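The next block holds one structure in the form of C-alpha cells; read it before the comments.
Worth saying up front: this structure is predicted, and the values here are computed from it rather than measured. Below, chains carry the letters A, B, ... as their sequence lines are ordered, and counting in each starts from 1. Values reported hereafter were calculated over all heavy atoms of this structure, with side chains retained and with hydrogens, waters and symmetry mates removed.
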There are 2 protein chains.
Amino acid sequence: MTKVNIKYLAEKLNMAPSTVSRALNDSYEISQKTKDKVLSLAKELNYQPNPYARSLRAHKSKTIGVIIPERINNFFAQVIDGIEEITQQYGYHLLVYNSHEDVEQERKIISYLLGGRVDAIVMSVSSQTSSTEHLEQVQKQGIPIIFFDRIAQDLPTTKFITNDYQSGFDAAHHLIEIGCKKIYFLLLSKEITIGKERLRGYLDAVKASDLSFSEDWVIHCAQEEKPNIDLFKSFLFPMDRPDGILSSVEKLAITAYQAIKETKLRIPEDIKLITFSNMKIADLLDPPLSTISQPAQEIGRECAKLLMSKLTKTKPSPIEDQVITIPSIFHKRTSS
Amino acid sequence: MTKVNIKYLAEKLNMAPSTVSRALNDSYEISQKTKDKVLSLAKELNYQPNPYARSLRAHKSKTIGVIIPERINNFFAQVIDGIEEITQQYGYHLLVYNSHEDVEQERKIISYLLGGRVDAIVMSVSSQTSSTEHLEQVQKQGIPIIFFDRIAQDLPTTKFITNDYQSGFDAAHHLIEIGCKKIYFLLLSKEITIGKERLRGYLDAVKASDLSFSEDWVIHCAQEEKPNIDLFKSFLFPMDRPDGILSSVEKLAITAYQAIKETKLRIPEDIKLITFSNMKIADLLDPPLSTISQPAQEIGRECAKLLMSKLTKTKPSPIEDQVITIPSIFHKRTSS
DNA sequence: TTGTAAGCGTTATCAG
DNA sequence: CTGATAACGCTTACAA
C-alpha cells in the first residue's frame, strides 16, 4: 500500500513536482519527451491523483448531491440513471441520499452537504416538507440547487416537472367519460406540489362535469401501507363507494389494488383506476393498470445537463428561476 | 458567499486557528469558556467544516463506494437502503454507481475510486464480469472491497450471498412435485456466481428426478428485452414446449410473462413459473407470481455493519475471506 | 489552556 | 521548457 503521489513520481524521475503535475495535466508548456516519461511511469506505478487534494485546491468537488424521498421507486431510480448518464460524461460523481419522506432527515442531509462536499444539489423534496429554510440555506451558501417532480415552489431556481395539472385533469376527465359518477382522489400529502397540481387538475375536471362533487372525495392518505389499506377498505365496502379512483402516486395505487382485491370488487367493472406511475410492469398486473407515466430518465438528463452547463462554464451564470415542464404520457389499459 | 472557515473564525475571535479547531472538536484541553465562544460563533455564522481538507489530512473520506449493475431493480434499491441505514449512523456518505451490467463501465468506475475517493467499496459485479484484475487492483491499493449477491468468488474478502444453490434446488423440486415434466431454466449469464449456483441447484434437483433432462433446457438469455421475447416465444410456441420455468432473475421472468401472454398460454395451467425476485407487487400480477425473495435490506445492513466495524476501529484488522449466507424465502403464489 | 508551525497532495504563480 | 514556493482548510506535534 505504497502511496504513489506526485512528489513520489517527481523523486523517481528527478523532476520537480510541478513539472510532473503539468505533464500529467498535459500542459502545453511541457516537452513531449518529459510528458512521455512522466505518463509512462505514472501508468507503471498506477498513479491515481488524490481527488481531495484537488477538491481542496480547486474549491470544487466534481460531485453532485442527489436527494430523493424514496429509493424503492422506479421513478426516482430512472431519474438518477438519467442524471448519471450525463454527469459521468463530465467526470462528476453522485452522492445519493434517501430522505425517506422525512423533513428531519432531509435537513440533516442538507447540512452535510453545506460544507462544500458537493458542487450542486438536485432533489425532490419529501412529502412532509412545508418550510424551506434549510433549502434557502443552500442557496445562500452559493451552492446551486435545482428541483424535479416535488419542487420547492418559492425558491428562485430551475424546477423540472411534468404537466401535473393537465395530467390530473385529463385522467379525471377520462374517468368521467367512461362513466364514473363518483371519483376519489388519493393524495399523499397536501404539502407537495405535485399532489396539489394533480389535485387541482382533478378538481377542475370534476367540477366542470355534472358530478355532485364533495370534499370527502379527496382522500388524505398516510405514508404507511397498513393504515391506508384500512382507510381504503372503509370507503370501498359501503354501498355509496366510489366507482373511480385517481391516485396521485404509484404507492397508493398499489395499496388500492390490494384493498380492492380484498373487497372482491372487480376492476374495471365495479371500479376504475388510474394512477401516476413509472412501473414497468403495469401491463402484467391483474388487470393491466392505466398509468400516467413521467419521462423520468429525461427529467434526470435535463437536470444534469443544466447543472453541467452551469458548473463547467468558466464564467458561471446564475441558475434561472423558471419551471420547465416535460409532459407525461397517459397509457390507457384495462383498469380504466 | 463568504467562506467561513477556521481561520476566519479565529480572526473574529482573536484566537489561533488551532484553538478554534480544538474547540470545535471538543478537545479536552480547551476551556469550557473558549468552547462556548467558538461554538456560538460557529453556529451564528453557520460554519461547516470543509470535508475535503479533512479527508486530505486524515487520509480517509468517510465515503463508501457502492457499485450495482442495475438501478431500476428493487433488490439493489433495497440493498442500498440497508447500507445507508447503517452508514449514516456513522456519518458516512454513499457514492453510488450503476455499471449497467457492463464490465467496461465497471472498470472505469473502479478506476475513479482508486485514488482514495472512498474508504471502501461494496459491490455486486456485472453479469459480464469474468476477469477480476480490476477488482484485485482495489485490494492491492489497500481499499477494502466486499461483495454481495453477484460476487467475485476468487477475491479473498467477505461476500454476502443468499442460499442460491438451495433455493434453486427447492424451486426446481417444487416444480417437479406439482407435476412439471419439462422445466426450463432462464440464465442471464454464465459468468455470474448467483446464476451458476442457482443453476447448480436446479440441475441437481432435475437430475435427481426421473425427468429426461437435456442441455437445451438451460436458456442463455440476452441482456436486452427484445431478443429475449423472441427467444422465449421460439420455445413456447412448439408442441414440445416446457411446462415449467425457473427464472434466475426478475427481469427474465417479466419478459417470460410477456412472452407467455402473447402465446395465449395459461399460467399455471399450461406452464408454471417461479422466479428469483424482490418485487413488491408479485401478488398483484396476473396471475400472482411465485418468487424467491432475498433479504435485501438485511444484506445491505450486514455489508455496512462489517465495513463500519472495520473502518472505525483504530487498529484495523483485515477483512476475512469468507462467504456469509443469508437465506432467501420462497413465496408460493398462483403461478406455480 | 492556548499558540506556532508543519504537512496532507495538488496546482497556480512567479522565476529562471 | 522547468523549478521553487505558496496556498487550499484542517489537524496535530511541539512550544509556551
A:Ser55 near the nucleic acid: base, sugar-phosphate alone, or nothing, with a heavy-atom cut-off under 4.0 Å? nothing
Residue pairs passing the ring-ring contact (aromatic ring centres under 6.0 Å, His included) test with at least one member in residues 125-145 of chain A, sequence neighbours excluded, are none
To the nearest angstrom, the CE-C1' distance between B:Met15 and D:dA16 comes to 18 Å
A:Gln32 CD to D:dT2 P, in whole Å, measures 11 Å
Validation row: B:Thr63, A:Tyr52 side chains within 4.5 angstrom (heavy atoms): yes
Here the distance between atom P of D:dG9 and atom CD of B:Glu11, to the nearest Å, is 12 Å
Applying ring-ring contact (aromatic ring centres under 6.0 Å, His included) to B:Tyr97 and not counting sequence neighbours gives A:His93
When rounded to whole Å, the CG to C1' distance for the pair B:Asp36 and C:dT1 reads 15 Å
Next on the checklist: Tell me whether the side-chain N/O atoms of B:Thr19 come closer than 4.0 Å to OP1 or OP2 in C:dT1.
Outcome noted: no
- Item | Note: A:Asp119-A:Lys60 ion pair, threshold 4.0 Å (strictly below) | no
In B/S/- notation (B base, S sugar-phosphate only, - none; protein heavy atoms under 4.0 Å), nucleotides 8-13 of chain C written 5' to 3' is BBBBBB
Rounding to 0.5 Å, atoms CD1 (A:Ile64) and CE (A:Met123) come to a distance of 14.5 Å
**Message:** For A:Glu84 and B:Asn98, which I'm curious about, is there any donor-acceptor pair between the side chains at under 3.5 Å?
**Reply:** no
